[in-house]
Each structure stands twice: as C-alpha cells, then as structure tokens.
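The structure appears right after this line, and notes come after that.
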Amino acid sequence: MAVENVAAGGGPFGAVVARDGNVIATGVNRVTADNDPTAHAEVNAIRKAASVLGTFDLRGCEIYTSCEPCPMCLGAIYWARLDRMFYGCTKQDAAEAGFDDAFIYRELVLEPGLRRLHSSEMLREDAVKAFQAWISKTDRTEY
C-alpha cells in the first residue's frame with residue numbers, strides 16, 4: 001500500500017487496522033494529496049475503522065503500519081486503545097527518507113514556554129468552564 005501510494009501522489013506510508021484476523025480498515029498517507037497535515041496513514045486507518053465499527057474505542061483491534069509512527073499517530077493509537085501495533089520501518093529509516101520527527105519528541109518534554117512554538121495560557125477562567133460542565137454532566141460518555 002505504501003509503495004502504491006507513492007505512485008498515486010501520496011506519501012510512503014500505509015496502515016491497516018484488523019480484528020480477529022480480519023481487515024477492518026486501511027489508510028495511506030494523503031498529507032500532500034489532500035492538503036491535510038493530519039492525513040497520516042495511521043490516522044486515516046483509525047478514522048475509517050472507528051466509522052466501520054461505530055465506536056471510538058478500538059480495543060480488540062491491532063494496527064499494522066509500514067513505519068514506526070510519528071508522535072501524532074502514536075497518540076492516536078493510544079487514544080483509540082488499539083491492543084497491539086506492528087511496524088515495518090523504524091523512525092530512523094523515516095528520518096533518512098526526509099521524515100524526521102525527532103524534534104517533536106524533544107519539544108514534548110519541554111515546558112510550553114521553552115518550546116519553539118510560542119504558546120501562552122490565556123482566558124483560563126473562561127476555558128475551564130467547559131471542564132466544569134463536563135464534570136457535572138451525569139450522562140457523559142467517558143473516553
């Protein structure tokens with residue numbers, strides 16, 4: 001899938017979500033083809049699998065991906081609660097091909113004020129009202 005996707009104008013990444021040996025969904029990297037920086041293969045496969053299964057909780061499923069996931073995709077895999085992950089290439093292989101995400105891993109451990117991306121807290125008193133509403137909601141769906 002990853003090789004075919006390169007020929008089709010996408011990036012060199014592919015992913016499959018499966019359950020009990022059956023493919024639930026596939027995804028390929030469509031970042032440049034769709035002008036969507038979040039359209040990574042793993043995210044696309046997770047979105048499709050969640051839609052097919054009608055749930056955001058993909059426990060009981062596993063993901064097969066052509067490369068060790070970037071931080072965004074790894075986060076999505078954890079949030080989706082996939083049971084297992086299998087990958088082909090390493091993040092070092094990706095870096096050698098021009099897909100180096102090491103800087104993101106370095107940024108994540110820094111305090112927000114020390115990161116390259118300028119960020120500042122603002123309007124916390126207003127923003128926290130959403131969490132207060134969530135906490136007091138008795139019929140919320142936990143995730």
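Side-chain atoms of Ser66 never come within 3.5 Å of backbone atoms of Ala2 as a donor-acceptor pair (strictly under, hydrogens ignored).
For Gly27 against Ala41, the heavy-atom pair with the smallest separation is O-CB, 3.6 Å. Counting all heavy atoms, side chain and backbone alike, Val43 lies closest to Met72 at CG2-CE, 4.1 Å. For the residue pair Ala25 and Ala49, the shortest heavy atom distance occurs at CB-N, 3.4 Å. Residue Ala133 comes nearest to Ser136 through the heavy atom pair O-OG, 3.2 Å, listed as atom of the first residue, atom of the second, then distance.
Checked against salt bridge (charged side-chain N to carboxylate O under 4.0 Å, His left out), Asp36 has no partners two or more places apart in sequence or in another chain. Considering only residues two or more places apart in sequence or on other chains, Glu4 meets the side-chain contact (heavy atoms from CB on, under 4.5 Å) condition with none of them. Listed by chain and residue number, Arg30 satisfy the side-chain contact (heavy atoms from CB on, under 4.5 Å) test with Ala33 (two or more places apart in sequence, or in another chain). Judged as a salt bridge (charged side-chain N to carboxylate O under 4.0 Å, His left out), and not counting sequence neighbours, Arg124 has no contacts. Under the ring-ring contact (aromatic ring centres under 6.0 Å, His included) criterion, Phe86 pairs with Tyr64, not counting sequence neighbours.
Val3 has its side chain out of reach of Val6: every pair of non-hydrogen atoms, C-beta onward, lies at least 4.5 Å apart. Residues Cys73 and Ile46 fail the side-chain proximity criterion, which asks for heavy atoms closer than 4.5 Å. With a 4.5 Å cut-off on side-chain heavy atoms, Asp101 and Pro71 count as touching.
Both Leu58 and Ile63 are members of a single hydrophobic cluster when ILVMFWY side chains are connected at heavy-atom separations under 4.5 Å. In the hydrophobic clustering of ILVMFWY residues, with side-chain heavy atoms under 4.5 Å counting as a link, Val23 and Leu53 come out apart. Transitive grouping of hydrophobic side chains (ILVMFWY, heavy atoms separated by less than 4.5 Å) brings Ile77 and Tyr87 into a common cluster.
Note that NE2 of His40 is 11.0 Å distant from SG of Cys67, once rounded to the nearest 0.5 Å. The structure places CG of Leu74 at 5.5 Å from CE of Met85, a figure rounded to the nearest 0.5 Å. Here Asn44 contributes atom CG and Asn29 contributes atom CG; the two are 8.0 Å apart, rounded to the nearest 0.5 Å.
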Please table the atom pairs, donor to acceptor, closer than 3.5 Å between any side-chain atom in residues 88-96 and protein atoms at least two apart or in another chain.
unit_1: Thr90; atom_1: OG1; unit_2: Gln92; atom_2: N; d: 3.3
unit_1: Thr90; atom_1: OG1; unit_2: Gln92; atom_2: OE1; d: 3.2
unit_1: Thr90; atom_1: OG1; unit_2: Asp93; atom_2: N; d: 3.1
unit_1: Thr90; atom_1: OG1; unit_2: Asp93; atom_2: OD2; d: 3.2
unit_1: Asp93; atom_1: OD2; unit_2: Thr90; atom_2: N; d: 2.9

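If you chain together ILVMFWY residues whose side-chain heavy atoms come under 4.5 Å of each other, Val31 ends up in a group of its own. In the hydrophobic clustering, where aliphatic and aromatic side chains (Ile, Leu, Val, Met, Phe, Trp, Tyr) are joined below 4.5 Å either directly or transitively, Leu114 groups with Leu110. Leu117 shares a hydrophobic cluster with no other residue; no ILVMFWY side chain has heavy atoms under 4.5 Å from its own.
Residue pairs that meet the side chain to side chain donor-acceptor pair (under 3.5 Å) test with at least one member in residues 13-28, sequence neighbours left out, do not exist here. Screening residues 67-86 for side chain to side chain donor-acceptor pair (under 3.5 Å), with sequence neighbours left out, gives Glu62-Arg84. For residues 95-140, the set of pairs meeting the ring-ring contact (aromatic ring centres under 6.0 Å, His included) definition, not counting sequence neighbours, comprises Phe13-Phe99.
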